[in-house]
Structures are given as structure tokens and as C-alpha cells.
Amino acid sequence: MLPTVKKDRIITQLPKCFSPNAALHTKDGFHPQVQAVCQVQRAGTLSFNIAKVIVVGDVAVGKTCLISSFCKRDFEKNYKATIGVDFEMERFEVLGVPFSLQLWDTAGQERFKCIASTYYRGAQAIIVVFDLSSVSSLAHARQWLEDAMRDNDPSSVLLFLVGTKKDLSAPDQLAHIEQEANVLSELEKQESRNFGDIIRITDSTEANHNPAKRKPNCC
Ligand SMILES: Nc1nc2c(ncn2[C@@H]2O[C@H](COP(=O)(O)OP(=O)(O)OP(=O)(O)O)[C@@H](O)[C@H]2O)c(=O)[nH]1
């Protein structure tokens, strides 16, 4: 038995697209073909739309915290290393259609890399996490991305570069590392790999776990 979809995961309206002609959802009803697929899914024949997201990055950069902040609104202060991989499923309802995000939390420790990498295949999105107070974790981000891309289709996979531990980074260090992250993003563009428009900066400290205090650009 599947748990019910949380209220804040029910999306009844999608934002307007830049090109209205390309946005079926802004027209009166979906294209009949899309609608037909949705109806089949509602009837349960095709089950859910599922998107696989893999989260990679150096050891202890905060991958598990990032996922549990998103899925459970929870922040674990005590470090517990991920052994191999872990998995969370977040259910959504988008315009009445069930949609699930499979979030794969992979271990950053070198000795588990082999196990974790067997789960990279078939991802729709890759999130590369680095620590905003550690330049080396950003320097390793490129290698994490390379590894994760090996088993995935570069033309369709969405890429995100996420910085954590903003609270531990001094303003000067933060400015420097953000600049470095932008350089990395530009380098990836040359390889035809585009990180999402925004480099999302997370601050997983407890203060930011109160949604009222959360900054708009935080995950
Ligand atoms: N101060 C601060 N600590 C954080 C933040 N995010 C995570 N941490 C801490 O960093 C430590 C590591 O976090 P995890 O989420 O377990 O790191 P991980 O990347 O999943 O680690 P591995 O599973 O070993 O790869 C924990 O003690 C967290 O409490 C943050 O934004 N600020």
C-alpha cells in the first residue's frame, strides 16, 4: 500500500513556459495523446511516472542531509556514513497525474564507490554535491560527474551542482567558491553538459529547516 501524497507535493498548476506553443499545459486541456497517456496511468495500467535522481559527491559533503531535508524535513547533526547506497521515494501529483521521484543517495567513501556506481544507470537527473567550505570537494565534482555520466544518456540527463554547508563558509570563501563553481559550470558547457541554470546553494543548518525562514534560493 502506497502512502498518500503530501499536500505540498500536489501541483495543480505549472508555471507558464517561455514559448506558449511549446507548453501543452497552457492550452485548454492537454494534447489528446498526452491526455490519453494520463488516463491510462490513472487507471493504473502503466503505473506511475518515475524519475530517477542520483546524488553523488565527496564523503560527508551533506548528500544524505540534503535528501532527508527534502523528503523528511529532517536534519541529522551526527554524521553516519552511507554504506553503498540508500534510497528515498517522494510521491507527487502533477496536474492529477501520479509522479514519483526516486532519490538515490550514494556513498562518498572511496571503498563504496564500486557498489554505488552500479546504481548510476538510467538516471533522469544527476545532482553533484559539494561543500561550500571545502574547495577540494568542488575540485572533485567534475570527476563525480564524469563517473555518473558514464552509464547515462548525456543528451537527456539533467545536471545540478549543489553547494552545502553555507553556514560554515566565510563570506570571502563563499564568494571564491561560487566563482569556482561558475567556472566549472562553464567548462561543462564546453563538453555539452549543462548544469541547471542556477547553482543552488543550500544551508542545511537547523534555522533553515523552519520553512518560514528558508531562503528562496535554497533547496
Ligand atoms: N554545518 C552544517 N553541517 C552540515 C550541513 N549539511 C550536512 N552537514 C553535516 O555534515 C555531516 C555529513 O553529512 P551527510 O549528509 O551524512 O554527508 P554525506 O555526503 O551523505 O556522507 P557520505 O554518506 O559518507 O558520503 C553530518 O554531520 C551533517 O550534520 C550544513 O549545511 N551545515
Side-chain angles (χ1 to χ4, degrees), residues 52-90 101-121 123 125-152 158-182 184-185 195-196 198-219:
K52 177 176 177 177
V53 180
I54 53 172
V55 183
V56 296
D58 268 8
V59 61
V61 288
K63 299 180 291 298
T64 304
C65 284
L66 188 69
I67 293 173
S68 48
S69 305
F70 178 67
C71 296
K72 303 179 195 154
R73 306 267 189 272
D74 182 33
F75 176 73
E76 180 57 59
K77 267 190 183 166
N78 301 318
Y79 172 54
K80 266 190 271 157
T82 306
I83 313 289
V85 285
D86 225 329
F87 169 85
E88 287 286 343
M89 180 88 120
E90 190 64 21
L101 266 190
Q102 270 183 2
L103 292 149
W104 291 85
D105 179 13
T106 66
Q109 283 188 29
E110 193 61 40
R111 63 189 165 133
F112 298 125
K113 222 172 170 181
C114 217
I115 309 172
S117 62
T118 59
Y119 292 85
Y120 289 171
R121 189 183 298 269
I126 297 171
I127 300 179
V128 184
V129 183
F130 70 99
D131 173 348
L132 285 160
S133 64
S134 153
V135 182
S136 68
S137 71
L138 178 62
H140 299 154
R142 209 159 185 210
Q143 189 57 51
W144 283 107
L145 181 62
E146 295 259 314
D147 293 347
M149 288 296 275
R150 217 165 279 145
D151 287 329
N152 285 295
L158 296 170
L159 307 176
F160 297 92
L161 182 62
V162 177
T164 56
K165 307 196 187 183
K166 190 178 173 186
D167 56 305
L168 299 183
S169 187
D172 284 359
Q173 189 184 22
L174 188 62
H176 171 70
I177 207 160
E178 279 185 343
Q179 208 177 358
E180 293 288 310
N182 281 323
L184 173 67
S185 176
F195 280 113
I198 313 163
I199 294 169
R200 290 184 182 265
I201 308 298
T202 56
D203 183 350
S204 329
T205 49
E206 279 177 304
N208 282 292
H209 282 270
N210 175 351
K213 291 185 186 169
R214 203 173 284 181
K215 293 172 193 152
N217 69 337
C218 288
C219 290

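As the structure lists them, so they are numbered: ligands from 1, and atoms in each ligand from 1.
- Remark: side-chain polar atoms of Gln173 are paired, donor with acceptor, to backbone N or O of Ser133 under 3.5 angstrom.
- Under the 3.5 Å distance criterion, the side-chain polar atoms of Asn152 are matched with a main-chain donor or acceptor of Ala148.
- Between Lys63 and Asp58 there is no salt bridge, since no side-chain N of the basic residue sits under 4.0 Å from a carboxylate O of the acidic one.
- The backbone and the side chain of Lys165 each have at least one atom closer than 4.0 Å to an atom of ligand 1 (non-hydrogen atoms only).
- For ligand 1, the polar-atom distance check finds an N/O of Cys65 within less than 3.5 Å of one of the ligand's N/O atoms.
- The closest heavy-atom contact to atom 12 (C) of ligand 1, among the options Phe112, Tyr79, Phe130, comes from Tyr79.
- In terms of polar-atom proximity, defined here as any N/O pair under 3.5 Å, Val59 makes no such contact with ligand 1.
- Leu174 is listed as a side-chain neighbour of Leu132, based on a closest heavy-atom distance under 4.5 Å.
- Applying the 6.0 Å contact sphere to OH of Tyr119 captures no more than 12 heavy atoms from other residues, nucleotides or ligands.
- The main-chain N or O of Arg111 is never found under 3.5 Å from a side-chain atom of Gln109 such that the two would form a donor-acceptor pair.
- Within ligand 1, the atoms closer than 4.0 Å to a non-hydrogen atom of Ala107 are 25 (O), numbered from 1 in the order shown.
- Looking at Ser134, its side chain does come within 3.5 Å of a backbone N or O of Ser137 through a donor-acceptor pair.
- With hydrogens and angles left out, the side-chain atoms of Trp104 and Gln102 include a donor and acceptor closer than 3.5 Å.
- Among Glu76, Gln109, Lys63, the residue whose heavy atom lies nearest to atom 29 (O) of ligand 1 is Glu76.
- The distance from ligand 1 to the heavy atoms of Gly108 drops below 4.0 Å at these ligand atoms: 22 (P), 25 (O).
- Counting the atoms of ligand 1 from 1 in the order shown, those under 4.0 Å from a heavy atom of Leu168 are 1 (N).
- Here the side chain of Lys52 pairs a donor or acceptor atom with the backbone of Arg121 at under 3.5 angstrom.
- Distances between N or O atoms of Thr64 and those of ligand 1 include at least one value under 3.5 Å.
- For the ligand labelled ligand 1, residue Gly57 lies outside the 4.0 Å heavy-atom shell.
- Proximity of Asp167 to ligand 1, defined as any heavy-atom pair under 4.0 Å, is confined to the side chain (atoms from C-beta onward).
- Of the N or O atoms in Thr164, none lie within a sub-3.5 Å distance of an N or O in ligand 1.
- Among the atoms of Gly62, some N or O lies under 3.5 angstrom from an N or O of ligand 1.
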